[in-house]
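Fair warning: this is a prediction, and the values are worked out from it, not measured in the lab. Atoms within a ligand are numbered from 1 in the order they appear, just like the ligands themselves.
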Amino acid sequence: MDHFTYRGGALFAEDVPVAEIAAAVGTPFYVYSTATLTRHFQLFDDALAFADHLVCFAMKSLSNQAVLRVLAQAGAGMDVVSAGEYLRAKAAGVPGDKIVFSGVGKTADEMRLALEGGIRQFNVESEPEMIALDAVAQSLGLVAPITLRINPDVDAKTHAKIATGKSENKFGIPISRARDVYALAATLRGLKVVGIDVHIGSQLTELAPFEAAYAKVAELTETLRADGHEITRLDLGGGLGIPYARSNEAPPLPSDYGAMIERTLGHLGCEIEIEPGRLISGNAGLMVSKVIYVKSGEDRDFLILDGAMNDLIRPAMYDAWHDIVPVVEPAPGTATARYDIVGPVCESGDTFAKGREIPPMVAGDLVAFRSAGAYGAVMASEYNSRPLIPEVLVHGDQFAVIRKRPSYEEMIARDSLPEWLE
Ligand SMILES: *Cc1c(COP(=O)(O)O)cnc(C)c1O
């Protein structure tokens, strides 16, 4: 469920007409709903009520300061994957003891930053990383709390680019090596093992792969405890999928997911962490764009929008589907037209949808891409020298620009000429 609905023939973001935001900030832009963000966080928080727990928002999905502040105020922790994300989380008011640090390539500088600034735990993904972290912690006279990210070798049954839990993926420590690596960790004075971490992929639309992975985590917990390790915390990653095509998808709900976690892991008495990104932010955002031209081709019609792949890359990168809806609700019974919906960028890959059935459009009409909150703005670039598009946050009947559109001058001014070219 989200808070983008038609009222009296117009698409609203909470209590604000989307067309009013478009008139104020220009198109294209992203708009996020505070109520949807907090609702989705709350669903996860409630689903884990059976245990001590922390819901750490995977902020790589949407990392605007205002969004982080909304979630931090609701009680969320953050899952970060870089120094930049760590600093963004801190700047938004998230305390270090609610930040977990994931990622396969943490540098010594990033480790130092997080150790000095405060960190709940590092999710360590390899032996070399573990040894490097031990050295950094000892050099600071500190002890780094860690989990080891285990690769459980299960098939997440999702798009290949976002599956992370098979042995061929670069992520985590093979489960077959886990006992040896935990034994080594126990000998390193700069580290304190607190638990186990697992994250098998993104946009999972069934619980079975999670359950298979978590069953392996349960077994490993018992084994490691028998080996003498104190396993008190289980970080179960993110990855629960969302319905991108509302007409035919119904992925499991956070409550189903929580019940499955309780069933598989509840008996271990561990603190539970999860790292959802997409399910919190995805349906909390729209990308709104304007039709520039309707162009008739030889065998098809094109809707050419002012938004492009540089603004929302998911269709080009993951063959992703986004529902695309008119901002003015069509009259009941309006026949649909069929379009290839494209952006202005000079690549055939700049195609949002092929042969999409939507109500007939004319130049100047506004369309909204649904489910664009996650992996939208954060993956945008200025390809074709198109300035990053603005982000807007809605709260009830209020809205505010939370990242402004840079001017062309600002964009160009980021380059500099070497002395010999001046
Ligand atoms: C990307 C990622 C997540 C979030 O995945 P979603 O599919 O957005 O929920 C969580 N944890 C880790 C380690 C990740 O890399």
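In summary, the side chains of Ser33 and Glu14 do present a donor paired with an acceptor at a separation below 3.5 Å, with no hydrogens or angles considered. Between the side chains of Asn169 and Thr164, no donor N or O sits under 3.5 Å from an acceptor N or O. Between the side chains of Gln121 and Arg233, a donor-acceptor pair is found at a separation under 3.5 Å.
Contact annotation for Asp79 and ligand 1: only side-chain heavy atoms (C-beta onward) come within less than 4.0 Å of the ligand. At a 4.0 Å heavy-atom cut-off, ligand 1 touches Ala58 through the side chain alone.
Of the N or O atoms in Gly277, one or more lie within a sub-3.5 Å distance of an N or O in ligand 1.
Heavy-atom contacts of Pro276 reach the following atoms of ligand 1: 9 (O) (cutoff under 4.0 Å). Against a heavy-atom cut-off of under 4.0 Å, Tyr375 is close to the following atoms of ligand 1: 1 (C), 4 (C), 5 (O), 6 (P), 8 (O). Atoms of ligand 1 found under 4.0 Å from any heavy atom of Arg278, numbered from 1 in the order shown, are 6 (P), 8 (O), 9 (O). Short contacts between ligand 1 and Ser202, defined as distances under 4.0 Å to a heavy atom of the residue, involve ligand atoms 5 (O), 6 (P), 7 (O), 8 (O).
Here the options are Thr27, Val367, Leu312, the test is side-chain contact (heavy atoms from CB on, under 4.5 Å), and the partner is Ser289; only Val367 passes.
If you check each of Lys60, Met59, Glu275 against atom 14 (C) of ligand 1, the one with the closest non-hydrogen atom is Lys60.
Using bins of under 30°, 30° to 60° and over 60° for the plane-to-plane angle, the ring pair Phe44/Tyr257 lands in the perpendicular bin. In this pair, Tyr30 and Tyr32 present their aromatic rings parallel. The plane angle is below 30°, not in the 30 to 60° band.
The side-chain tip of Arg314 does not point at the ring of Trp321 from less than 6.0 angstrom away and within 45° of straight on.
At least one heavy atom of Gly239 sits less than 4.0 Å from an atom of ligand 1.
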